[in-house]
Colleague: 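Take this structure, written in structure tokens, and hold onto it; I'll ask about it next.
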Amino acid sequence: MKKFKHFMMVVMLQIAWSTGTGHAADVIHYDLHIVPDFSSRTVNLTAAVQIDNAQLERRFVFGLNDGYDSVEVSAAASAVAVERKRGQIVVTVEQPVRDLILTFKLNGLTGNSNDEARAVVTDSSLFLLWSDRFYPIVYDDWATVTTTIVLPEGFSAIAPGRLARVLSGGDETTYVFETGHPTVCFSVLADRRWIHTQRTINNIPMHTFLYPESQHFAEQIFQSSAEILAFYAEYYGPYAFDQFSFVTIDGINARRAFPGFIGYSPRYLEKEFTTTGHDAHETALLWWFYTLRGSGSGAFQWTEGFGDYAEFLYDETFRKPIPAIFRYFREQYLNSKPSEDVAYHELNGATPQKIVHGKYPWLMHLLRFAVGDEPFRKGMRLLFDRYRFRTFSMQEFIKTMEEGSGQSLQWWREDWLERKGAPAVVMRYDVRKSGDRFITTVILEQSEPPRYLPLEVGLKTENDMRLKKILLTGKVVKRVFKTDKKPKRVILDPNRWLPAKKKTVTP
């Protein structure tokens, strides 16, 4: 649930990139060479950025941390002009070519992360975060990457891809990581305190890099994460990384996902693995952020909200409770005023969590409930097949889900995505006996203007609960049910997922 504090800056940079190149230019490979200086606590980095420049564009915009003291950019056989401002760098080449390599020499990054309350370099760790723009980043271009990190002896490192080579010499060790698949938004971490453990489960190389106080969770992490990875791969599509790693990190707020690995603070790891016993939330973001994600204004947040639902699916399948925090956010959202709601294209890093996590995953459940389990699954698989290593707009998401499910979703878009606030539903019911059977009359009334609203009503007897699916398309609907046993209670939304305010008027 890590909030993206600098979301609006990210949007500005994305717009700048698309404006400057019309998305004609495509970054296809990064070659990063990172040399931290632990005595001065600075980072020196060389980045060779390979660009497929089919339309011979001259102007390129990247995100780049303002903290670098020195920045030099060059291109083979061409002079370049450089402009830095407000977390970005604009590079203009005099002689554009189809296969363009821009080489950045960046020196002197120091101080604190922009996105977490900790230093980039400490005596015992290195923390290079994609959202801190430690390298010249294009946020929506999936690319392969080779990462070389030079560290003092005794450090371990992690970066996107697999560890391809380790070179030792003198008091230094050089780690080289290579990706086998395109990836996006790279982060690089190193620490001298980690205990490294590895397994191969379901043909996926799995690693833990844990501080000593967290090491006793290693086997639990392997087993639970292997189950979660297998579930998401079967539901959404293949795992998109060369390996899976789980890492403890000092100084981060709680937890977050990185390309191919999950990071937890030691305290939050202790809390999570002694309560739920697993991580399904951040692992879902390996599919819902790093394999594909939404595009356009608000997309980081609504992608994360949709990705929350992956955790719901896993919990349901393995009969685990939905984390209470999501029900808490949902109740907060339902109890808020319509004027406090935020349209999906207006979401940003400052949007309250009651909207991101209290609305969007529950809208996904509404969609699944309406179209059915198998059509929903087909839509998800089509989405992850069609947009693997790409972004999609909300319109493309809806179109893909319509194709996969074979059903129109105009109602979902108009009534739930484009309208603010939650509807209100009032249920009245009456139970009477007729011969040997019981007749339950249910009247449901929703607030104006009415929405397309599928929901559940539960008829609870002494021994069981019978669920009845009811579709509201107008203001009032009446349904009659016959049962052999007398319902003790009639419950509106017994599974507590309905994105609507509820009231039951008892007989």
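Every heavy atom of this structure was used, including side-chain atoms; hydrogens, water molecules and symmetry mates were not. The shown structure was predicted, so the numbers you read here are calculated from the model rather than taken from an experiment.
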Colleague: Hey, would you say the Phe273 and Phe246 ring centroids sit under 6.0 Å apart?
Modeller: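 Yes, ring centres under 6.0 Å apart.
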
Colleague: How about Trp497 and Phe369: are their ring centres within less than 6.0 Å of each other?
Modeller: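 Centroid separation for Trp497 and Phe369: below 6.0 Å.
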
Colleague: Less than 6.0 Å separating the ring centroids of Phe186 and Phe134?
Modeller: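 For Phe186 and Phe134, the ring centres are not under 6.0 Å apart.
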
Colleague: For Trp287 and Tyr239, I'd like to know if the aromatic rings sit close, meaning centre-to-centre distance below 6.0 Å.
Modeller: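 Under 6.0 Å, so yes.
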
Colleague: Can we say Glu316 and Arg368 salt-bridge, meaning some charged N sits less than 4.0 Å from an Asp/Glu carboxylate O?
Modeller: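 A salt bridge is present here (some side-chain N lies under 4.0 Å from a carboxylate O).
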
Colleague: Under 4.0 Å between a Lys/Arg side-chain N and an Asp/Glu carboxylate O for Arg419 and Asp341?
Modeller: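 Here Arg419 does not pair with Asp341 in a salt bridge, since their nearest N and O are not under 4.0 Å apart.
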
Colleague: Decide if the gap between the ring center of Phe289 and the ring center of Trp130 is smaller than 6.0 angstrom.
Modeller: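 Distance test on ring centres: under 6.0 Å, yes.
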
Colleague: Could you tell me if the side chain of Leu455 sits less than 4.5 Å from the side chain of Asp493, heavy atoms only?
Modeller: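 In short, these two side chains do not touch, never coming nearer than 4.5 Å.
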
Colleague: Taking Thr291 for the side chain and Leu286 for the main chain, is one N or O donor matched with an acceptor at less than 3.5 Å?
Modeller: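 Indeed, once roles are kept as given, a pair shorter than 3.5 Å links the two residues.
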
Colleague: Can a side-chain donor-acceptor contact be found between Ser187 and Arg256 if the only test is distance below 3.5 angstrom?
Modeller: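 Per modelled atom types, Arg256 and Ser187 side chains form no pair under 3.5 Å.
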
Colleague: By the definition side-chain hydrogen bond (donor to acceptor under 3.5 Å, both in side chains), identify the one residue from Lys354, Gln332, Lys420 that meets it with Glu340.
Modeller: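 Testing Glu340 for a side-chain hydrogen bond (donor to acceptor under 3.5 Å, both in side chains) against Lys354, Gln332, Lys420 leaves exactly one candidate, Lys354.
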
Colleague: Kindly indicate whether the side chain of Glu282, heavy atoms from C-beta on, has any atom under 4.5 Å from the side chain of Leu285.
Modeller: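 They are in contact (side-chain heavy atoms under 4.5 Å apart), so the answer is yes.
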
Colleague: Can you confirm whether or not the ring centre of Phe312 sits under 6.0 Å from the ring centre of Phe326?
Modeller: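 They qualify: ring centres under 6.0 Å apart.
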
Colleague: Can you confirm whether Lys399 is buried at NZ, in the sense that more than 12 heavy atoms of other residues, nucleotides or ligands lie under 6.0 Å from that atom?
Modeller: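 Atom NZ in Lys399 is not crowded, with 12 or fewer foreign heavy atoms closer than 6.0 Å.
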
Colleague: Decide, yes or no, whether a salt bridge links Glu234 with Arg377 under the criterion of side-chain N to carboxylate O below 4.0 Å.
Modeller: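 Between Arg377 and Glu234 there is a salt bridge, with a charged N closer than 4.0 Å to a carboxylate O.
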
Colleague: Do Met380 and Met401 have side chains that approach each other closer than 4.5 Å (heavy atoms only, starting at C-beta)?
Modeller: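 Met380 reaches Met401 side chain to side chain.
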
Colleague: Atom OH in Tyr139, atom OG in Ser131: separation rounded to 0.5 Å?
Modeller: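 One gets 8.0 Å once the value is rounded to the nearest 0.5 Å.
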
Colleague: Scan side-chain atoms only and decide if Asn253 and Tyr268 contain a donor-acceptor pair under the 3.5 Å cut-off.
Modeller: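 Distance-only check fails for Asn253 and Tyr268.
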
Colleague: Between Phe306 and Phe397, is the ring centroid distance below 6.0 Å?
Modeller: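 Centroid separation for Phe306 and Phe397: below 6.0 Å.
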
Colleague: In this structure, which one of Glu414, Arg413, Gln407 forms a side-chain hydrogen bond (donor to acceptor under 3.5 Å, both in side chains) with Gln410?
Modeller: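 Going through Glu414, Arg413, Gln407 one by one, the side-chain hydrogen bond (donor to acceptor under 3.5 Å, both in side chains) with Gln410 is satisfied by Glu414 alone.
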
Colleague: Is Glu445 salt-bridged to Lys475, cutoff N-O under 4.0 Å?
Modeller: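 Result for this pair is yes, salt bridge flagged.
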
Colleague: Flag the pair Phe384 / Trp288 as yes when their ring centroid distance falls below 6.0 Å, and as no otherwise.
Modeller: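 Here the rings of Trp288 and Phe384 have centres that are less than 6.0 Å from each other.
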
Colleague: Mind listing the closest non-hydrogen atom pair of Asp132 and Asp115 along with its distance?
Modeller: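 Nearest pair, atom of Asp132 first, then Asp115: OD1-N, 3.1 Å.
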
Colleague: In Å and rounded to the nearest 0.5 Å, what is the OH to CD distance from Tyr344 to Glu418?
Modeller: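 If we round to the nearest 0.5 Å, Tyr344:OH and Glu418:CD are 6.0 Å apart.
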
Colleague: With a 4.0 Å cut-off, would you call Asp315 and Arg327 a salt bridge?
Modeller: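 Between Arg327 and Asp315 there is no salt bridge, as every charged N stays at least 4.0 Å from the carboxylate O atoms.
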
